[in-house]
Amino acid sequence: MGKTVLTVDSITARYGPVEVLHGITLQVNEGEIVSLLGANGAGKTTLLNCICGLHGDKEGKIRFRDTDITHVPAELVVPRGMAHVPERRQIFSTLTVEDNLWLGASHRMPKTSKKEIAKEMETVYERFPILAERKWQLGGTLSGGQQQMLAIGRALLSRPQLLLLDEPSLGLAPLIAKEILTIVQEIRSEWGTTVLLVEQNARAALAISDRAYVLSTGTVMLEGKADEISNDPRVQSAYLGSS
Ligand code: ATP
């Protein structure tokens, strides 16, 4: 097992007076794909937002590699090597595909040269040929699946050691959703990127994951290796549509 990249220790989070995470503890090790599963409203997005510095009203500790990042804001978390692809992608619809990709690398310049980043962009285009074909098109004109590829490609250009993906298959046709999750798996093997994945499709997520945590109303209900979680009768009846 690789060394621990992310440690979430007893995180509680609130929206105003309402506590929605009640002491979540989890860890992600180098090179792993770890899924966060759970019903709507379980707290998955809030937890990702806590980790990447977008949700401030929290207690507990979050460590990224050797650093306490509990209270580090999002704009300072990314340069440390964590990238977040939020739910519904949030690409810039009035910018071209190419400009969206440049934005992913913006914080690395001028330390990394434009030439170096252009070279990395070529690897992203090789990985996502459809983006190369459409590099001068506006982001908003892409299909949902292509926008998701763009969001992932943009995140990769920040050179993340840890990629947080929030429901990458949301709203996509089943075949495209499957393609996106296959891409996530390939990115882990080709780029060595560690992934924390929130996914509504538990079966598809478990198929590409090493381990998973199942959240239920703001607590970890179950954790374990992906195959153990897949075989757990509670998960089968609640999330995998079988008993
Ligand atoms: P989904 O799959 O629907 O996105 P989730 O597991 O990601 O669900 P969260 O979106 O993190 O869950 O929501 C956790 C709880 O926090 C829910 O009870 C939700 O209603 C509440 N919540 C989320 N966002 C806000 C907000 N901006 N203000 C108040 N409550 C919120």
Side-chain angles (χ1 to χ4, degrees), residues 6-28 33-62 64 69-75 77 82-91 144-145 147-148 151-152 155 162-174 176-178 180-181 184 194-209 211-224 226 229-230 232 234-241:
L6 177 75
T7 309
V8 171
D9 184 8
S10 311
I11 283 290
T12 59
R14 300 171 170 277
Y15 291 99
V18 183
E19 186 179 287
V20 298
L21 298 182
H22 316 294
I24 303 270
T25 293
L26 60 81
Q27 66 182 50
V28 180
I33 298 179
V34 174
S35 283
L36 271 181
L37 308 174
N40 285 346
K44 306 176 299 293
T45 295
T46 305
L47 181 58
L48 280 200
N49 288 344
C50 284
I51 294 170
C52 70
L54 284 175
H55 187 91
D57 195 356
K58 59 181 180 262
E59 282 168 38
K61 281 245 173 298
I62 300 171
F64 179 47
I69 58 156
T70 316
H71 298 293
V72 176
E75 65 272 20
V77 168
M82 190 190 293
H84 175 223
V85 179
E87 210 172 6
R88 305 198 180 277
R89 311 178 271 275
Q90 297 179 11
I91 60 149
Q147 288 190 13
Q148 187 62 61
I152 294 174
L162 176 64
L163 184 59
L164 307 178
L165 291 174
D166 198 351
E167 306 229 7
S169 75
L170 190 69
L172 302 180
I176 310 289
K178 196 163 172 240
I180 295 288
L181 290 179
V184 172
T194 307
V195 179
L196 180 58
L197 170 70
V198 167
E199 186 45 66
Q200 36 151 5
N201 185 339
R203 190 186 300 279
L206 287 167
I208 66 158
S209 296
R211 292 189 302 116
Y213 292 84
V214 182
L215 298 196
S216 172
T217 54
T219 57
V220 174
M221 178 192 107
L222 200 63
E223 63 179 277
I229 300 279
S230 304
D232 189 286
R234 288 166 291 178
V235 174
Q236 290 194 339
S237 62
Y239 306 110
L240 298 177

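Just so you know, ligand 1 is whichever comes first in the structure, and atom 1 is the first atom listed for that ligand. Sequence positions, counted from 1, serve as the residue numbers for this chain.
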In the protein, what heavy atom is nearest to [atom], and what distance, to one decimal place, separates them?
atom: atom 10 (O) of ligand 1; result: T45 CB, 3.9 Å
atom: atom 14 (C) of ligand 1; result: G41 O, 3.4 Å
atom: atom 12 (O) of ligand 1; result: G43 N, 3.1 Å
atom: atom 27 (N) of ligand 1; result: Y15 CE2, 3.6 Å

For this session: Might you check, step by step, whether the distance between atom 20 (O) of ligand 1 and some protein heavy atom is under 4.0 Å?
Result: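 Protein heavy atoms within 4.0 Å of atom 20 (O) of ligand 1 - there are none.
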For this session: Report the distance from atom CG of L54 to atom CD of E75, rounding to the nearest 0.5 Å.
Result: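 Answer rounded to 0.5 Å: 9.0 Å.
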Exercise. For the atom pair CZ (R14) and NE2 (H55), what is the distance rounded to the nearest 0.5 Å?
Worked result: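 The CZ atom of R14 sits 9.5 Å away from the NE2 atom of H55.
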Taking only non-hydrogen atoms of [X], do any sit less than 4.0 angstrom from ligand 1?
X: G16; answer: no
X: G38; answer: no
X: Q200; answer: no

Problem set entry | Per atom 11 (O) of ligand 1, closest listed option by heavy atom (N49, T46, L37, L36) |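 Checking each option, the heavy atom nearest atom 11 (O) of ligand 1 is found in T46.
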Going by the order shown, which atoms of ligand 1 are within less than 4.0 Å of some heavy atom of [X]?
X: V20; value: 15 (C), 16 (O)
X: A42; value: 5 (P), 6 (O), 12 (O)
X: E167; value: 2 (O)
X: A39; value: 6 (O)

Exercise. Would you say the side chain of L162 lies within less than 4.5 Å of the side chain of F64, judging by non-hydrogen atoms?
Worked result: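 Result yes, sub-4.5 Å side-chain heavy-atom pair found.
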Exercise. Hey, which of L47, V72, L6 is the one that makes side-chain contact (heavy atoms from CB on, under 4.5 Å) with I62?
Worked result: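 Passing option: L6.
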Exercise. So which of L48, L163, L165 actually passes side-chain contact (heavy atoms from CB on, under 4.5 Å) with L196?
Worked result: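 Answer to the side-chain contact (heavy atoms from CB on, under 4.5 Å) test with L196 among L48, L163, L165: L48.
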For the pair [X] (side chain) and [Y] (backbone), establish whether a donor and an acceptor sit closer than 3.5 Å, ignoring hydrogens and angles.
X: K58; Y: T70; result: yes
X: T25; Y: S10; result: yes
X: K44; Y: G38; result: yes

For this session: Decide yes or no on side chain to side chain contact (heavy atoms under 4.5 Å, CB included) for E223 and L26, but give the supporting numbers first.
Result: CA-CA 9 Å; E223 63 179 277; L26 60 81; over 6 Å; no
